Amino acid sequence: MENFWFACLGRFERELSSMQFNTLIKPLKLDDSDECLRIVAPNRFVMQSIKDKFLDRIHQLGQDFFSRPISVELVLSDDAADQELPPVIAAPPAPEPVASQSKKVKPGSKTDTSGLNPSLTFSNFVTGKANQLARAAALQVAENPGGAYNPLFVYGGVGLGKTHMIQAIGNHLRSQRPDARISYLHAEKYVSDVVKAYQHKAFDEFKKRYHSLDLLLIDDIQFFAGKGRTQEEFFYAFESLIGANKQIVITCDTLPKEISGIEDRLKTRFSWGLTVVVEPPELEMRVAILIEKANAAKIRLEEDVAFLIAKHIRSSVRDLEGALNRVIAMANFTGKSIDTNLVKDALKDIIGRVQSITIESIQKTVADYYKIKVAEMYSQKRSRNIARPRQIAMALARDLTNSSFPEIGEAFGGRDHTTVMHACKKIDSLKSAEPTLVKEYNLLLQVLRGD
Amino acid sequence: MLLDFQPAPVPSLVNFVVGRNQELIDALRTLPLAEQGAASLYVWGESGSGKTHLLKAATALYLSRGLNAAYVEEATDWSRLSAYDAVAVDNVQNLDEDSQVGLFNLFNEFRDAGRPLIVAGRDAPQALEVRPDLRTRLGWGLVYQVQALSDDEKSQALQRHANERGFRLPQEVIDYLLAHVRRDLPTLMGVLDSLDKWSLTAKKPVTVSLLKQLLQPASSPTQ
């Protein structure tokens with residue numbers, strides 16, 4: 001069995017993302033037994049995930065390895081089982097019911113102080129390798145708040161969908177239990193509430209509000225850094241809620257132990273429950289996100305177009321949404337259909353040039369292109385193979401920068417502005433006579449503009 | 001005493017020479033009608049490309065429609081801005097850490113409420129050097145680069161500016177300006193304004209020779 005288990009581990013390491021492997025497979029232990037494969041999971045989350053996702057695969061690998069069916073037993077480690085835990089929930093519900101249930105929620109009603117945005121649900125949350133673990137954990141918490149994963153600590157870079165995910169927890173719980181007291185807020189809002197309570201000496205009300213919640217969703221906890229009084233109040237709120245089996249969900253830009261400016265007692269508590277990461281989406285997931293967002297806006301987005309956007313916008317989901325917004329706006333404005341040409345145009349505004357164009361960068365680019373030294377741009381030499389590129393560079397400087405003729409002359413070895421004016425006229429007239437010059441000039445324009 | 005009879009024209013979307021920026025102008029006009037979550041707009045471009053004009057013009061337009069709109073160009077009491085219906089924030093790259101947090105909060109609040117928030121900066125959102133959580137939010141809404149005007153369009157802009165200030169501007173003066181002065185609009189307009197003032201003082205019409213005297217190096221224009 002041990003040999004088989006090692007083979008199994010090797011297989012999973014190749015087949016799964018490193019995050020999945022490290023979080024789900026690596027913590028598993030083999031309980032040696034000859035009869036069957038007995039695997040010990042460190043906690044219920046891992047056990048449930050293995051059961052849902054990998055049990056079939058283990059059976060299949062066993063069949064291949066032993067050429068006969070094997071029996072697999074999945075158990076919880078004694079440490080985990082000793083704790084008083086709520087029963088493990090079954091497979092996460094399919095997204096569709098969530099959507100229909102969330103319709104019961106009254107969106108945006110004036111009396112709603114939960115801070116929940118009804119449009120952020122699990123059903124329109126695009127899942128990929130980068131976030132499937134976090135999503136599974138979030139769903140479990142939404143189904144079973146105050147249970148094993150308390151607090152749920154979600155961390156990852158900016159604009160990766162953490163807020164959507166924890167909002168979805170709130171919306172899901174509200175659809176299940178409309179009377180649940182839920183509060184979503186940004187950490188900064190909590191800080192300002194503490195300040196207000198301090199100013200108005202209203203800490204009793206403050207405590208009443210926060211300590212009586214069933215679900216507290218708090219975004220960007222790193223904003224607590226260096227704010228002692230806020231941290232103290234949050235410590236009490238944390239103790240009170242966790243003590244009463246009420247659920248806390250926290251997001252942050254980093255791991256609990258790596259947040260700077262936060263008291264150790266809080267950092268320790270943040271990792272009491274379950275810590276999950278949200279990673280930047282890979283290309284396929286970015287494409288899926290774009291198509292999902294386009295569908296929501298009732299826009300048809302071809303896959304090649306989605307790929308083009310996704311290839312250029314890698315950083316965050318927010319930037320992806322922004323790019324799509326702009327593409328749609330441009331299509332509406334121009335009345336053109338959304339194709340790769342339109343997308344290229346729209347992306348220019350979003351990505352932009354890394355550097356602005358200067359006379360120096362023009363001189364360097366032109367010199368490189370014609371294989372002459374940059375110094376020749378300022379030299380007094382007048383041989384044609386040097387004078388021509390120099391004139392081209394002057395004309396480009398006129399076209400691409402706001403510099404005046406005298407400024408351009410100055411930058412080209414202190415030449416008179418009339419020399420620059422002459423060069424620009426010369427290049428203009430040559431362009432109508434020499435097609436190769438037009439080609440070269442346009443190529444240089446393109447290179448410099450970064451098209 | 002010299003009286004300046006011609007106050008500088010108020011920036012509006014009408015006296016902005018559009019060039020290749022028609023889509024941006026349209027977006028600014030319709031921004032308050034945008035759906036919730038889509039009412040933020042980020043404008044970027046090099047200095048002198050017209051960002052400040054556009055932000056002030058949009059603010060004036062929203063005010064004229066009865067919205068309580070504000071234009072902000074430096075550190076301010078950000079929480080006070082929550083009370084406004086629409087806000088335009090200029091030069092985001094110059095905001096210090098505290099102001100960036102202030103704008104971050106304002107952004108979240110305005111986005112949730114579907115209120116228009118316009119921000120201008122020098123760089124594209126992905127290259128902007130501000131807090132990443134603010135940077136990605138600015139890239140979340142509509143993003144436009146202000147497209148520089150061509151020399152012909154600049155010539156139009158100068159002519160229009162002269163009309164608004166009420167003086168005749170011969171084309172050869174514009175041509176001379178475009179050949180001899182830095183061609184970003186603030187510089188061009190600045191020279192044109194001084195030229196206007198000087199022509200009033202000197203009681204001479206605006207001509208190339210008057211402009212040459214104005215631009216003469218090493219001595220201030222004298223009569």
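Below, chains carry the letters A, B, ... as their sequence lines are ordered, and counting in each starts from 1. Quick note: numbers below take in every heavy atom, side chains included, and nothing from hydrogens, waters or symmetry partners. What you are looking at is a predicted structure, and each value in this text was computed from that prediction instead of being measured.
Between B:Phe104 and A:Phe223, the ring-plane angle classifies as parallel under the 30° and 60° cut-offs.
Atom NE2 in B:His180 sits 8.5 Å away from atom OG in A:Ser404 (nearest 0.5 Å). In this structure, CZ in A:Arg318 is found 7.5 Å from CG in B:Asp133, a value given to the nearest 0.5 Å. Note: A:Ser403 OG to B:Asp184 CG = 9.5 Å, rounded to the nearest 0.5 Å. The line from CG of A:Leu160 to OG1 of B:Thr136 is 8.5 Å long, rounded to the nearest 0.5 Å.
In terms of modelled atom types and a separation under 3.5 Å, the side chain of B:Arg183 and the main chain of A:Arg398 share a donor-acceptor contact. Proximity of a side-chain donor or acceptor of A:Asp349 to a complementary backbone N or O of B:Gln145 within less than 3.5 Å is detected. Of the possible donor and acceptor atoms, none in the side chain of B:Trp44 sits under 3.5 Å from a partner among the backbone N and O of A:Ile350. The closest donor-acceptor contact from the side chain of A:Asn325 to the backbone of B:Trp140 lies under 3.5 Å.
Of the two parts of A:Asp220, only the side chain, counted from C-beta on, holds a non-hydrogen atom closer than 4.5 Å to a non-hydrogen atom of chain B. With a 4.5 angstrom heavy-atom cutoff, B:Arg137 touches chain A via backbone and side-chain atoms both. Both the backbone and the side chain of B:Gln22 come within contact range of chain A, with heavy atoms under 4.5 Å apart. At a 4.5 Å heavy-atom cutoff, the contact between B:Asn105 and chain A is made by side-chain atoms alone. Within the 4.5 angstrom heavy-atom criterion, no atom of B:Val146 approaches chain A. Residue contact with chain A, scored on non-hydrogen atoms closer than 4.5 Å, involves the side chain of B:Asp26 exclusively.
The shortest heavy-atom contact between A:Phe405 and B:Ala179 is CD1-O, 3.1 Å.
Here A:His186 is the residue among A:Met421, A:Lys189, A:His186 with the most heavy-atom pairs under 4.5 Å with chain B. For the set A:Thr334, A:Leu320, A:Asp319, the entry with the most heavy-atom pairs within less than 4.5 Å of chain B is A:Asp319.
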Problem set entry | side-chain contact (heavy atoms from CB on, under 4.5 Å) evaluation trace for B:Arg131 with A:Val158 | CA-CA 10 Å; B:Arg131 301 174 56 97; A:Val158 293; over 6 Å; no
For this session: Dump the intermediate steps for salt bridge (Lys or Arg N to Asp or Glu O under 4.0 Å) on B:Glu23 and A:Arg326, then the final yes or no.
Result: CA-CA 10 Å; B:Glu23 189 191 338; A:Arg326 181 59 212 284; 3.0 Å; yes
